[in-house]
Amino acid sequence: MSLHITIVPASSRAGRETILVLLESKERPFIRGIYRDPSKAPAEFTKQPNFEAVKGDVDTGTGLDFSGSDAVLYVPPPTYDGTDQGQFATQAATNVEKALRAAPNIKKLVLHSALGAQYNHGIGTLKLNHISDHILKSAAPEVLIVKPGYYFEDWTSALETMQEDPPSFRWPIHPADHAIPMVSVKDVGAYCASALISSAAGTSAPPLPLRYVEIFGPRNYSALDVKKTIEEITGKEGTLITVEKEGLADYFAQGGIPREYVQDYVEMFVAMRPGGIMAGDFEYKETTVRGGIELDEVFRELAGK
Ligand SMILES: NC(=O)c1ccc[n+]([C@@H]2O[C@H](COP(=O)([O-])OP(=O)(O)OC[C@H]3O[C@@H](n4cnc5c(N)ncnc54)[C@H](OP(=O)(O)O)[C@@H]3O)[C@@H](O)[C@H]2O)c1
């Protein structure tokens with residue numbers, strides 16, 4: 001019998017990249033993608049006979065049907081509707097936990113988390129991941145927690161403003177040469193897909209104990225690396241402005257972060273600066289997976305060059 005895998009939310013960027021890899025895999029698992037709005041499932045997925053899009057919501061807990069699944073990927077979604085991020089995380093993870101415990105076939109949960117999620121304070125919006133990890137760490141026979149660095153794909157705004165006149169971009173981490181782990185969400189999806197496939201379905205292999213892996217890109221990147229990469233792609237020299245701590249609240253508010261979450265974003269980015277609570281977590285370790293996709297590959301694709 002083929003492996004049955006559920007992805008929730010299937011609309012998350014990591015979920016979507018994971019599905020793309022699963023659909024191409026030689027194992028040909030059956031994939032259930034849970035969407036708040038299944039009509040958003042891409043046609044390239046729904047036309048495949050081994051994919052189904054079903055309606056579900058981690059906040060209300062409706063539609064979280066993991067029955068028949070061997071493995072589940074959960075990507076805790078951030079909320080932007082004004083609800084307290086911690087309350088939302090608790091409710092959503094509790095709903096996912098209930099659904100996992102109600103599904104007798106589940107062998108493995110792959111839980112998308114974040115760097116810094118081990119801290120119970122000082123990480124701002126990453127409390128979402130701290131809480132989800134805590135609630136779900138024993139919710140399936142085998143649990144693998146993946147902690148990616150910052151997605152390269154989040155920096156489309158820098159690419160855009162570097163093509164304006166005059167070219168410039170702002171970066172919320174100071175100083176400009178402070179390198180942080182960054183990774184392509186495609187590498188994250190590829191890793192999650194392989195972890196889901198190796199969920200020992202149909203074998204008598206015992207489940208592995210709780211594991212954490214970090215997923216970084218080929219190297220760490222600073223604002224100066226980002227500037228150089230974009231300048232090479234656009235052929236235009238630009239100005240880099242690193243935002244000082246005092247300017248971060250305005251930076252995020254102007255970037256569209258709802259007022260209720262601005263301080264959480266400030267705290268998360270202060271945590272990544274030199275001396276911040278996360279600054280000691282940026283070394284590659286034995287448990288670090290090194291992705292192969294470079295920053296310039298992602299930016300070239302985003303820029304259509
Ligand atoms: N972005 C990064 O660089 C990064 C790096 C490391 C870790 N992370 C972690 O990755 C996770 C995803 O963050 P993201 O910002 O990148 O989000 P995302 O994957 O871009 O989006 C999450 C998706 O979840 C769906 N969703 C929202 N509320 C839902 C609900 N109640 N039930 C079901 N689906 C729901 C939304 O789709 P619809 O609106 O279509 O329903 C949304 O597209 C977070 O836990 C974050 O901390 C992110």
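Remember, it's 1-based here, ligands and their atoms both numbered in the order they're listed. Keep in mind that the numbers below use all heavy atoms, side chains included, and drop hydrogens, waters and symmetry copies.
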Hey, does G149 sit under 4.0 Å from ligand 1 if you only count heavy atoms? yes
Options E17, H112, M182, K147, ranked by nearest heavy atom to atom 8 (N) of ligand 1, top entry: H112
Looking only at side-chain N and O atoms, does Q85 offer a donor or acceptor that is under 3.5 Å from a partner on T79? no
Looking only at distances, can you tell me whether any N or O atom of A114, backbone or side chain, sits closer than 3.5 Å to an N or O atom of ligand 1? no
For Y150, is at least one N or O under 3.5 Å away from an N or O on ligand 1? no
Any atoms of ligand 1 less than 4.0 Å from a non-hydrogen atom of V75? List them with their elements. 11 (C), 12 (C)
For a quick test of your reading: what N or O donor-acceptor pairs under 3.5 Å do the side chains of residues 18-31 make, sequence neighbours left out?
| residue | atom | partner | partner atom | Å |
| --- | --- | --- | --- | --- |
| T18 | OG1 | A14 | O | 2.6 |
| S25 | OG | L22 | O | 2.8 |
| R28 | NH2 | N50 | OD1 | 3.3 |

Would you mind finding which of S12, G63, P148 brings a heavy atom closest to atom 6 (C) of ligand 1? P148
With R290 as the cation and Y284 as the aromatic partner, state whether NZ or CZ is under 6.0 Å from the six-membered ring centre and within 45° of the axis. yes
Out of Y151, F88, Y80, whose heavy atom is nearest to atom 4 (C) of ligand 1? Y151
Should one rank G56, G116, P78, P77 by closest heavy-atom distance to atom 17 (O) of ligand 1, which comes out on top? P78
Below 4.0 Å from ligand 1: does a non-hydrogen atom of S113 turn up there or not? yes
Nearest candidate to atom 35 (C) of ligand 1, where distance is taken over non-hydrogen atoms, out of R36, K127, K55, Q91: R36
Take the angle between the ring planes of F282 and H178 and call it parallel below 30°, perpendicular above 60°, tilted in between. tilted
Give me the residue, atom name and distance of the protein heavy atom closest to atom 1 (N) of ligand 1. D154 OD2, 3.1 Å
